[in-house]
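Numbered from 1 within each chain, the chains take letters A, B, ... in sequence-line order.
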2 protein chains.
Amino acid sequence: MSSPQYARIKVALRQRIETGALCPGDRVPSENQLVGEFGVSRMTARRALLELAEEGLLERTQGLGTFVADRRPVSSITQIRNIAEEIHQRGHCHACRVLALEAVLADATLAARMGLAEGEPLFHSVLVHLENDQALQYESRHVVAQLAPAYLEQDLARVTPSAYLSAVAPLTEADQTVEAVLPSPAQAEALDIGPDQPCLKITRRTFSHRGVVSLAELVHPGDRYRLGSHIDS
Amino acid sequence: MSSPQYARIKVALRQRIETGALCPGDRVPSENQLVGEFGVSRMTARRALLELAEEGLLERTQGLGTFVADRRPVSSITQIRNIAEEIHQRGHCHACRVLALEAVLADATLAARMGLAEGEPLFHSVLVHLENDQALQYESRHVVAQLAPAYLEQDLARVTPSAYLSAVAPLTEADQTVEAVLPSPAQAEALDIGPDQPCLKITRRTFSHRGVVSLAELVHPGDRYRLGSHIDS
DNA sequence: AATGCTATCTTGTATATACAGGTATATACA
DNA sequence: TGTATATACCTGTATATACAAGATAGCATT
């Protein structure tokens, strides 16, 4: 039950970019070169390149080749999971901290929004992600207590969604929406912004085959995100 | 120089969904059925299904099949091009109007942002899209005059980006970013909202092989958009 | 020097094929 | 009735192959 080969190639290429072995503008091995290097068929190598291009990490031009995308001006909003992870990928993890403002067992007053039975016990944590002492994200996360019993014992400042999710089920998916909001007083204070500073709020419902696992609200001031660029027909 | 076969299949399937021949929850022809119906290989049929699923129009489950996704609660933000088009797809086009507030030949004071030579002549139009007399989107669009000479002669209330873009070049792409903003006074007035109502602003740079074609800013109050849901590894 | 051609590398599209693994239904058995 | 088992169908992964089409460098011709 090993991971697919195209995933292996994606990981390898991502590493070369993160470690600096491949820099923005650099040419990435061509499909045929990857065939030789990884011993796969061209279509498999191609899939790895296509998916990385879809994420915005690579840029491909017919006839020319595949290149590491210019330092993405902004993150791709379809990929956002956790500012901490994002920052880590940008390479200044050293200046990144996470503050856990709150972590308690709450009752499911928001059961309806999560599609749960009323009264289902939930863990609620509020995190603030900082870089160079500047707050970048306010994160409010509700997790179904039954599915992640050790949630509160973890170091919430370090745990990423994938960490506690992988403990729940092999198969997870997420539903995300964005909207523009004004920060609540608590959010404005935690982010050190004025009450008039508009923010992007991303609401993410994560679920496995057992149902909803968590509901997270990510609020960021001032960030700007790249969107996909489909132009069909 | 016909369009690819997978695109043909996508169009056909999209039509069946838009016309109601296929409803949410309905089973879509399987890969092998499409092979028989369109006379293509399974991989080609597969590509059509995969891309429609990526857009959120279909849902696929291994072993089960492919189904028309439940009426998407909100639009996919990666697909936004024009609220008018969006509304048309939702099926209440009758209540939709577009007001052209302004349409002039402007000079390229924003040349830098578009990557153009200073002084390059641009058309500037400001449109407001309404549904049931309620403003849904404020659109400010700058178009390189040289590449769309007849731009001002068109019925701006009807023209979609694809209309004037197709006149320019066969190959176009777009770059999009989102951010949260407070509306400018003019925007607030046009949208009939208060100055404190946070809005999503989508900035879209469209370009062809000849360079940047247009720069559009779409401002919507109160809308909420679906995001893609990648969960890798 | 400028033009045009060709060889070669790249990605894009398409086909045919094979097997793995998930899902549901029908069948046979206890 | 309830439980296995076999089967058919579906999507997921992977290979091998072919040709189309864009980009580039070098060479030959004008």
Quiz prompt | Strand partner of C:dT11, provided both Watson-Crick or wobble distances fall under 3.5 Å | solution =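 C:dT11 is paired, partner D:dA20.
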
Self-check item: C:dA28: pairing nucleotide in any strand, Watson-Crick or G-U under 3.5 angstrom
Solution: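 By the stated definition (distances under 3.5 Å), D:dT3 pairs with C:dA28.
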
Practice problem: Give a yes or no answer on whether the side chain of B:Glu54 reaches the backbone of B:Glu51 with a donor-acceptor pair at less than 3.5 Å. | Solution: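 No.
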
Between [X] and [N], does any side-chain N or O lie under 4.0 Å from OP1 or OP2?
{"X": "A:Arg46", "N": "C:dG12", "result": "yes"}
{"X": "A:Thr66", "N": "C:dT10", "result": "no"}
{"X": "B:Arg42", "N": "C:dT15", "result": "no"}
{"X": "B:Ser41", "N": "C:dT17", "result": "no"}
{"X": "B:Gln62", "N": "C:dA20", "result": "no"}

Quiz item: Within this structure, what is the CZ-to-P distance between B:Arg27 and D:dC9, rounded to whole angstrom?
Solution: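 So the two atoms are 12 Å apart, to the nearest Å.
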
Exercise. Please tell me which of A:Met43 and A:Thr61 maps to the more 5' nucleotide of DNA chain D, matching each residue to the nucleotide holding its nearest heavy atom.
Key: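 Taking each residue's closest nucleotide, the earlier one in sequence belongs to A:Met43.
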
Quiz item: Taking for each residue the nucleotide of DNA chain D bearing the nearest heavy atom, is the 5' side occupied by A:Val40 or by A:Gly63?
Solution: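 Counting from the 5' end, the first nearest nucleotide belongs to A:Val40.
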
Quiz prompt | B:Gln33, nearest nucleotide to its side chain (from D:dC10, C:dG12, D:dT11) | solution =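 When the side chain of B:Gln33 is considered, D:dC10 is the closest of D:dC10, C:dG12, D:dT11.
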
Quiz prompt | Closest to the B:Thr44 side chain, choosing from C:dG12, D:dT13, C:dA14 | solution =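 The listed nucleotide nearest to B:Thr44's side chain is C:dA14.
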
Practice problem: Answer yes when A:Arg47 and A:Glu31 have at least one side-chain N-carboxylate O distance shorter than 4.0 Å, and no when they do not. | Solution: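 A:Glu31 and A:Arg47: not salt-bridged.
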
Self-check item: Value rounded to 0.5 Å, distance of CZ in A:Arg27 from CG in A:Leu64
Solution: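 Going from the CZ atom of A:Arg27 to the CG atom of A:Leu64 covers 6.5 Å.
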
Quiz item: Atom CG in A:Leu58, atom CD1 in A:Ile17: separation rounded to 0.5 Å?
Solution: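 Result: 5.0 Å between the selected atoms.
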
